[in-house]
Trainee: 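Handing you a structure now.
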2 protein chains.
Amino acid sequence: MTTPFAFPIAVDVVALTVIDRALHCLVVTRGIDPYRGRPALPGGFVREGEQTLQAAERELEEETGITPPGHLEQLFSYGPLGRDPRGPVLSVAHLLLAPRFSPVRPGGDASGAHWRPVDALLAPDSPLAFDHATILADGVERARSKIEYSPLATSFCGPEFTITQLRTAYEAIWGAPLDPRNFHRKATKTASFIEATGRTAHEGAGRPAALYRLAPGVDETAFVLDPPLRRPTGPAPVPPTNPLPGRMRDNRASTEGEP
Amino acid sequence: MTTPFAFPIAVDVVALTVIDRALHCLVVTRGIDPYRGRPALPGGFVREGEQTLQAAERELEEETGITPPGHLEQLFSYGPLGRDPRGPVLSVAHLLLAPRFSPVRPGGDASGAHWRPVDALLAPDSPLAFDHATILADGVERARSKIEYSPLATSFCGPEFTITQLRTAYEAIWGAPLDPRNFHRKATKTASFIEATGRTAHEGAGRPAALYRLAPGVDETAFVLDPPLRRPTGPAPVPPTNPLPGRMRDNRASTEGEP
DNA sequence: TCAAAAGTGTTGGGAGTACACCCATGT
DNA sequence: ACATGGGTGTACTCCCAACACTTTTGA
């Protein structure tokens with residue numbers, strides 16, 4: 001073969017945040033066909049001269065007005081077959097974890113941009129366009145796993161946060177309550193995780209909480225939590241971060257099946 | 001934008017196995033430019049009508065004569081910029097862990113196909129073409145992490161294996177010795193991992209070892225090892241499986257940097 | 001009988017869970 | 001005062017690293 005077949009490459013962004021103790025995902029309302037009017041992950045096609053990560057940042061800004069305030073990383077690639085009615089499209093999905101960044105304004109091909117509870121978007125009758133429910137599920141699973149070993153959950157908080165705020169992020173992502181006392185000890189005692197700023201926060205009643213920040217010189221995605229903070233959920237831990245363990249789905253780009 | 005820019009999509013395969021207690025990677029000698037004569041990961045371009053996983057399987061067969069006997073999964077995507085002198089190419093890398101499958105014969109665009117020790121391929125002056133040293137490093141790191149939680153290391157062994165063979169696989173991948181007694185207990189006592197076949201293997205001197213197989217109904221990639229088998233290496237565990245934590249490198253498709 | 005490899009028992013320390021309890025603040 | 005949330009102390013359990021020890025084979 002001399003000239004290889006060329007494919008459009010799409011990028012999609014799973015942007016997660018915590019609102020009211022529940023995990024929310026940023027979705028746009030599609031302004032163009034296919035799936036016009038349906039909710040979808042923000043995203044679009046990679047242009048000439050772009051890396052996929054740059055394209056993800058650009059599409060996020062165009063469609064939602066957000067300049068990534070948190071941590072953006074590649075998630076997984078899907079396709080190119082069977083995921084877009086227009087033809088083969090490879091999608092490189094990305095994951096963004098960030099504090100609730102307020103003014104979301106739609107633009108580009110999007111006629112709306114909103115934070116929606118992840119639970120609703122992952123329901124069996126998910127309204128999401130394309131294979132975006134699959135991508136979202138993979139993104140949530142990756143987030144669940146990554147915060148076990150990395151300080152990435154601090155991305156959900158502002159630059160300074162209380163232990164309770166951090167714990168709330170963990171609880172929202174894992175969907176399980178944690179013991180506040182043990183979490184406090186674990187978070188404050190683990191090296192290379194967080195450090196006290198000396199300041200305190202007064203929120204409502206109760207003793208004011210000490211404020212912390214991410215420990216200096218620590219990459220949010222570095223795997224520094226040793227031993228890790230493991231999620232409580234029973235003896236059979238859900239599959240972890242990586243490219244989807246068991247329960248594979250339809251048109252993901254790779255990994256399983258196809259004899 | 002109406003018609004999106006289209007890119008060639010490549011697939012590359014990091015095929016790992018254990019030979020003489022050391023981790024080896026399958027590399028081909030490139031028979032065409034660019035990088036003609038240089039070692040490279042087996043791979044090629046995705047054709048119309050293929051999923052990336054299928055393309056990875058096909059290229060592996062064409063260039064090395066191997067039909068994936070182990071477990072093939074998607075690793076990470078790189079590019080499309082700055083990784084091929086011919087122009088932008090997105091590469092979807094895959095990871096294959098398998099027992100040493102013997103007859104490797106070169107074909108397609110490859111003029112040679114050989115197992116090479118991973119250590120040499122990852123040396124600072126790595127001979128690998130393109131960004132394949134980066135991809136290999138990511139693949140090795142993914143393998144190191146995945147065998148902590150999944151029975152995937154059994155992929156390195158045949159259908160039946162002794163505990164010592166399994167331990168040798170772990171030691172080769174992690175690059176660290178393990179206590180045979182403790183490993184034996186851990187491997188045999190962990191539920192949903194391996195089961196005895198009742199047969200024994202007589203290799204050289206010493207008491208014959210019981211033969212085991214992967215527990216029935218267990219997906220090799222399912223994350224069933226709870227608690228996980230954690231690698232010995234000191235208190236600061238190397239980054240894990242996922243898309244590269246900290247130390248990002250040049251032209252990977254995504255995740256970090258690029259303001 | 002000895003060497004080599006397989007496999008079991010035992011023990012001390014470290015980490016996690018559960019929960020009692022004290023601290024500091026708003027009302 | 002009292003409710004509310006922040007933070008510490010402690011007992012119990014489980015896992016694991018370390019290593020002594022037994023079992024089963026080949027030479």
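Note: hydrogens, waters and symmetry copies are ignored here, and every other heavy atom, side chains too, is used. Numbers restart at 1 for each chain; the letters A, B, ... are given by sequence-line order, proteins then strands.
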Trainee: Starting at atom CG of Leu166(B), determine the distance to atom P of dG7(C), rounded to an integer number of angstrom.
Mentor: 12 Å
Trainee: Could you walk me through whether Lys189(A) and His184(A) pass the side-chain contact (heavy atoms from CB on, under 4.5 Å) check?
Mentor: CA-CA 8 Å; Lys189(A) 295 278 172 59; His184(A) 185 280; over 6 Å; no
Trainee: Let me know the distance between CG of Asp179(A) and P of dG5(D), rounded to the nearest Å.
Mentor: 15 Å
Trainee: With the threshold set at 4.0 Å, does a side-chain nitrogen-carboxylate oxygen contact exist between Glu141(A) and Arg231(A)?
Mentor: yes
Trainee: Please report, rounded to the nearest Å, how far the C1' atom of dA15(C) is from the CG atom of Asp226(B).
Mentor: 15 Å
Trainee: Can you tell me if the side-chain N/O atoms of Thr164(B) get under 4.0 Å from OP1 or OP2 in dA5(C)?
Mentor: no
Trainee: Could you walk me through whether Ile163(A) and Ile194(A) pass the side-chain contact (heavy atoms from CB on, under 4.5 Å) check?
Mentor: CA-CA 10 Å; Ile163(A) 300 291; Ile194(A) 57 176; 3.5 Å; yes
Trainee: In sequence, state the C-alpha distance, the side-chain angles, and the governing distance for Phe161(B) and Tyr212(B), and then conclude on ring-ring contact (aromatic ring centres under 6.0 Å, His included).
Mentor: CA-CA 5 Å; Phe161(B) 48 87; Tyr212(B) 292 80; 7.2 Å; no
Trainee: Look at Arg230(A) together with Asp226(B) and state whether they make a salt bridge at an N to O cut-off of under 4.0 Å.
Mentor: yes
Trainee: Please report, rounded to the nearest Å, how far the P atom of dA17(D) is from the CZ atom of Phe183(B).
Mentor: 12 Å
Trainee: Looking at the side chain of Asn182(A), which of dG7(D), dT17(C), dC19(D) is the nearest nucleotide?
Mentor: dT17(C)
Trainee: Could you give the CD-to-P distance, from Gln165(A) to dG5(D), as a whole number of Å?
Mentor: 14 Å
Trainee: Within the structure, does a side-chain N or O atom of Lys186(A) lie under 4.0 Å from either OP1 or OP2 of dA15(C)?
Mentor: no
Trainee: When you measure from the side chain of Ser77(A) to the backbone of Ser77(B), do you find a donor-acceptor pair of N or O atoms at a distance under 3.5 Å?
Mentor: no
Trainee: Check the distance between dG6(D)'s C1' and Lys189(A)'s NZ and give it to me in whole angstrom.
Mentor: 14 Å
Trainee: Phe156(A) versus Pro99(A): any side-chain heavy-atom pair under 4.5 Å?
Mentor: no
Trainee: Which of the following nucleotides, dA18(D), dG6(D), dA15(C), is nearest to the side chain of Arg185(B)?
Mentor: dA18(D)
Trainee: Measure from the side-chain heavy atoms of Arg167(A) and tell me the nearest of dC15(D), dA15(C), dG6(D).
Mentor: dG6(D)
Trainee: How would you summarise protein contacts on nucleotides 20-27 of chain C per nucleotide, using B for base, S for sugar-phosphate only and - for none, with heavy-atom distances below 4.0 Å?
Mentor: BB-BBBS-
Trainee: Looking at His184(A), I'd like to know whether one of its side-chain N or O atoms comes within less than 4.0 Å of OP1 or OP2 on dG7(D).
Mentor: yes
Trainee: Can you tell me how far P of dA4(C) sits from CD1 of Ile163(B), to the nearest Å?
Mentor: 22 Å
